[in-house]
Amino acid sequence: MTSPADRPTPDRLLREAAARLDRRRFLTVTSAAAALAFGVNLPSAHAADAELAPRALGGDPFTLGVASGDPTPDAVVLWTRLAPRPLEPGAGLPPAGSVRVGWEIARDERFRHVERRGSTRAHAEFNYAVHVDADGLDAGRVYWYRFTVGPWTSPVGRTRTLPPRGRRTDRTRFAFVSCQAYEDGYFTAYRHLANEDVDAVFHVGDYIYEYGIDAAGGDRKYTDRTLPAALDHETTTLEDYRLRYSLYKNDPDLQAAHAAHPWFVTWDDHEVENNYAAGIPEKNQDPAPFVARRAAAYRAYWENQPLRMPQPRGTDLTLYRRVHYGQLAQFDILDTRQYRDDQANGDGWQYPTPESDNPARTLMGATQERWFAEGLRRSTATWNVVPQQVVFSRRKNTTAERSKLSMDAWDGYPAARERFLKTVEQAGVKNLVLLTGDVHVAYALDVKRDFADPNSRTVGVEFVGTSISSDGDGEQKPSNWATLTAANPHMKFYDGRRGYTVVALDRHQARADYRVVSHITRPGGTLSTAASFVTEAGNPGVRPI
Ligand SMILES: [Fe+2]
């Protein structure tokens, strides 16, 4: 058990490693982390990088599609990554050099009215990723964008800027998603999400999984292709993580969802390793090499997402951030993975103990907690929406008085949850909506002021979204359905199928539509709505409709 003061941050782990490891081994670890993270140069320092002729690419470099993200009222980040042969080492590009990439963003799909255009260089150092912050745009408008390299033009993406910050905005619709283990099935849910009329998509973690993927793509059971052997082990190096993103981004359904909507992404654990906590790996591995592994994973994440954040510096990447959707909603996108104390009681489902109840324990870290509290205090939005990773509400797995709880979720950090609820209360937040992933099932939950007392006040709602693909086809009522719903009276809905969730906000209510697909281990699954719930502004609590 560690208190926040002695929580092992990556930088401290490196210092400690110096004392424990022999000098040569320490230098190997630290120089790996440094090469990955500390030592990166800004692209502007790459003026001398040789510019490759487009023909050196040897084929269409736009095999990973396009994406946009982190829109503001006047800008949006446009992303692509050049990868002529995505599943080969280096994605088919040389280990040094740069490529000139043109971009344009237009008011129409046919690019007759181009709003902005320019060119930038994709550098080998960042795996030929492109992040363009296209600014000078109009608020609340749909745009189309594309990239060009030599004779090749990318697919066209559609995006949308946010409404003006201070303006009264009547409504928005967005989707949230999580957990997309490639080897567990097809991204059919994304094919359907691409057709939804939403302003944005929030991804709340597990964009990739680190486990090895066999030649047939696991439960996808490919017969028309053979995946490279380099995918068939757990990701630990920068090359491993980069190849994993190439595989995922090459998926046509995922590409369709990215091309259709701007995304706001945050991560959970599997972008690095299952159930890691800050600088501490899942099991009893040596923490010093884990720092280098985490730096590699964070860097590959940044390279592959439409993020405005600067590239990772040091071993960290600040991902929590705030988004204002007019006066209607404030989104506080959290990172509950990078700064947390280690899971108590050995992780997994355990009975609470003084260790898990320790008031010093943190899930968000002190800095993020302060940032969150300050943001809520200043908020004037109708809705305070919190996209985040792990289940916030209590989940007992037995109707008995005493129950084991998930040590990886907020249940394993009860003091941190109490501080969160106090912050919400003190800030006078009336309409709290938590958006959660992680568990590969859907729930609708009332957030109680005291989960131990069913009669305590409901202070908000938590919509837990199911997975895109993790855990395969799933079933409507998993085996523990009756127990879980009986043991947790604040749980109003539980469904174990794959899909995504659409949330519609207006000034009077928030509505969640839980979309599910019929199956994912074969292509072609059909879409339906499992259930819909609303919570009224000023009167929190989920009600079926
Ligand atoms: Fe997951």
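From a predicted model like this one, the values you see are computed outputs, not experimental measurements. Start at 1 and go down the list; that is how both ligands and their atoms are numbered. Just the heavy atoms: all of them, side chains too, but no hydrogens, waters or symmetry mates, feed the values below.
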Tell me, please, whether Y241 has R299 positioned over its six-membered ring: NZ or CZ under 6.0 Å from the ring centre and within 45 degrees of its axis?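 The answer is no, since R299 fails at least one limit relative to Y241.
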Would F202 and F331 count as a close aromatic pair, with their ring centres under 6.0 Å? yes
Residues forming a salt bridge (charged side-chain N to carboxylate O under 4.0 Å, His left out) with R522, sequence neighbours excluded: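 Salt bridge (charged side-chain N to carboxylate O under 4.0 Å, His left out) list for R522, sorted by chain: empty.
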List the residues meeting salt bridge (charged side-chain N to carboxylate O under 4.0 Å, His left out) with E475, not counting sequence neighbours, and say none if there are none.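 In terms of salt bridge (charged side-chain N to carboxylate O under 4.0 Å, His left out), with neighbours along the sequence ignored, E475 is linked to no residue.
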Could you tell me whether D184 and R498 have a side-chain N and a carboxylate O separated by less than 4.0 Å?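 Looking at R498 together with D184, the answer is no, because their closest N to O distance does not fall below 4.0 Å.
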Sequence neighbours excluded and cut-off under 3.5 Å, please list the side-chain donor-acceptor pairs for residues 525-532, or say none.
from : atom 1 : to   : atom 2 : distance (Å)
T526 : OG1    : S518 : OG     : 3.4
T529 : OG1    : R515 : NH1    : 3.0
S532 : OG     : D513 : OD1    : 2.4

Sphere of radius 2.8 Å around the Fe ion (ligand 1) - protein N, O or S atoms inside: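 Those protein N, O or S atoms (cut-off: under 2.8 Å from the Fe ion (ligand 1)) are C179 SG, D206 OD2, Y209 OH, H440 NE2.
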